[in-house]
Amino acid sequence: MSRYDIADWDATVDTIKNAQRIAIACHVNPDGDALGSLLGTSLALRSLGKTTYPTWGSEPVVPPPSLMFMPGADSLVPSPAIPDDIDLVVALDCGAAHRLGTVEKLALASDPLINIDHHPGNDEFGTLNVVVDFASSTAEIVAFLLKDVGVELDHDIATCLYTGVVTDTGRFQYGNSSPETLRLAADLLSYGVQAPQIALEVFESAPFTYLKLLGRVLERASLLEEQRFVYSWITRKDLKETGVGADETDLLIDAVRATRDADVAAIFKEQKDGNYRVSLRSKSGPDSPPVSVGEIARAYGGGGHELAAGYTAPDVESAVKGILKHLVDRPES
Ligand code: AMP
Ligand code: MN
Ligand code: MN
């Protein structure tokens with residue numbers, strides 16, 4: 001009986017047990033959950049004597065600086081290095097196959113393809129699908145799955161999985177952090193996970209120049225009072241002038257959302273190709289139902305969760321207009 005009552009759970013456990021050469025991929029531009037699930041799974045399956053190829057489908061296949069500490073980071077392989085004779089592909093933290101980027105083709109050609117994820121509306125692109133939309137993180141699902149596969153967790157595997165859980169729950173502050181999540185975190189700590197060290201690496205190790213970038217973001221933040229919407233943006237020029245890497249900007253949205261005067265926050269980040277990556281966040285007030293930013297992101301070709309989502313837009317002005325269209329018809333709170 002599977003922990004989550006997922007139809008494919010037992011077949012997934014058996015398929016992992018029976019595979020020997022396994023490609024594992026998370027979504028492009030991985031966050032802590034994607035990378036934690038990826039490296040945790042890879043280390044765990046290696047501990048069972050299997051050969052693994054952990055990767056993702058965007059360049060470079062190198063963790064962002066804040067996640068470089070993760071055990072197994074040195075074992076990542078570029079996706080073209082995955083051999084043809086693998087007998088399983090595992091996709092992690094991908095709400096849709098396109099989130100695999102350049103690994104999508106290889107993954108969809110594989111049978112079996114295991115899709116482990118927690119995004120609502122996951123399109124079940126695997127031949128086996130373990131989609132648990134109420135799980136805090138993909139790392140949480142992976143932790144329970146690995147136990148059923150017969151993996152003995154250790155310090156390194158637990159560190160990867162804990163990092164996934166702590167990042168996707170916003171350090172256990174969001175509603176996706178269930179009693180089960182906290183019990184799992186406690187269990188992971190018992191393997192010697194250094195939680196304060198992880199917090200330091202992930203949340204408090206930005207270069208000094210990041211503070212200058214944050215200053216720009218906060219200075220140009222705009223509040224649309226009536227719609228309770230706050231947004232800001234960064235350009236490639238900002239990154240160049242401050243010397244901050246594009247892969248060091250994930251926490252900017254947390255500063256923008258920190259006002260009580262808005263319950264939807266957005267940050268727009270200019271990409272190399274001139275388009276903007278949109279990060280959306282939503283908060284639930286004590287009296288009002290939360291705006292589903294996942295719905296907004298899906299309307300514009302992206303995806304995500306109800307309270308955290310993203311997509312790509314051509315420019316800031318039209319993106320703001322597009323988001324506002326979804327905020328005007330909100331019920332009075
Ligand atoms: P982010 O704002 O980049 O931290 O992303 C928030 C959530 O939205 C995460 O769950 C992402 O997996 C998801 N997400 C972000 N960008 C996209 C996209 N272009 N397509 C689908 N999902 C996305
Ligand atoms: Mn993710
Ligand atoms: Mn996730």
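Atoms within a ligand are numbered from 1 in the order they appear, just like the ligands themselves.
With respect to the Mn ion (ligand 2), Asp93 has OD2 as its nearest N, O or S atom. The N, O or S atom of Asp168 lying closest to the Mn ion (ligand 3) is OD2.
The atoms of ligand 1 that sit less than 4.0 Å from any heavy atom of Gly304 are 8 (O), 13 (C), 22 (N). Close approach of ligand 1 to His305 (heavy-atom distance below 4.0 Å) involves ligand atoms 10 (O). Near Ser279, the atoms of ligand 1 lying under 4.0 angstrom from a non-hydrogen atom of the residue are 1 (P), 2 (O), 3 (O).
The shortest N or O to N or O distance between Gly303 and ligand 1 is below 3.5 Å. Checking only distances, His119 does come within under 3.5 Å of ligand 1, N or O to N or O. Checked against a 3.5 angstrom limit, the closest N/O atoms of Arg281 and ligand 1 fall inside it. Between Asp93 and ligand 1, a contact under 3.5 Å exists for no N or O pair.
One of the N, O or S atoms belonging to His27 lies under 2.8 Å away from the Mn ion (ligand 2). None of the N, O or S atoms belonging to Asp31 lies under 2.8 Å away from the Mn ion (ligand 3). Contact annotation: His118 places an N, O or S atom under 2.8 Å from the Mn ion (ligand 3). At a cut-off of 2.8 Å, Asp33 is counted among the residues with an N, O or S atom near the Mn ion (ligand 3).
Across every non-hydrogen atom of Trp56 and Val62, the tightest pair is CZ2-N, 3.4 Å. Here the shortest heavy-atom pairing between His155 and Gly192 reads CD2-O, 3.3 Å. In this structure, Thr41 and Leu92 approach most closely via the heavy-atom pair OG1-CD1, 3.9 Å. The heavy-atom pair separating Leu189 from Ala195 by the smallest distance is CD2-CB, 3.9 Å.
Counted by atom type alone, His118 and Asp168 present one or more donor-acceptor pairs between their side chains at under 3.5 Å. In this structure, a donor-acceptor pair under 3.5 Å is absent between the side chains of Thr138 and Ser37. A donor-acceptor contact closer than 3.5 angstrom links the side chains of Thr181 and Ser178.
A salt bridge between Asp261 and Arg228 is absent, with no side-chain N of the basic residue lying under 4.0 Å from a carboxylate O of the acidic one.
Relative to the six-membered ring of Phe268, Arg277 misses at least one condition, a distance below 6.0 Å or an angle of at most 45° to the axis.
The shortest heavy-atom distance from Gly95 to ligand 1 is not under 4.0 Å.
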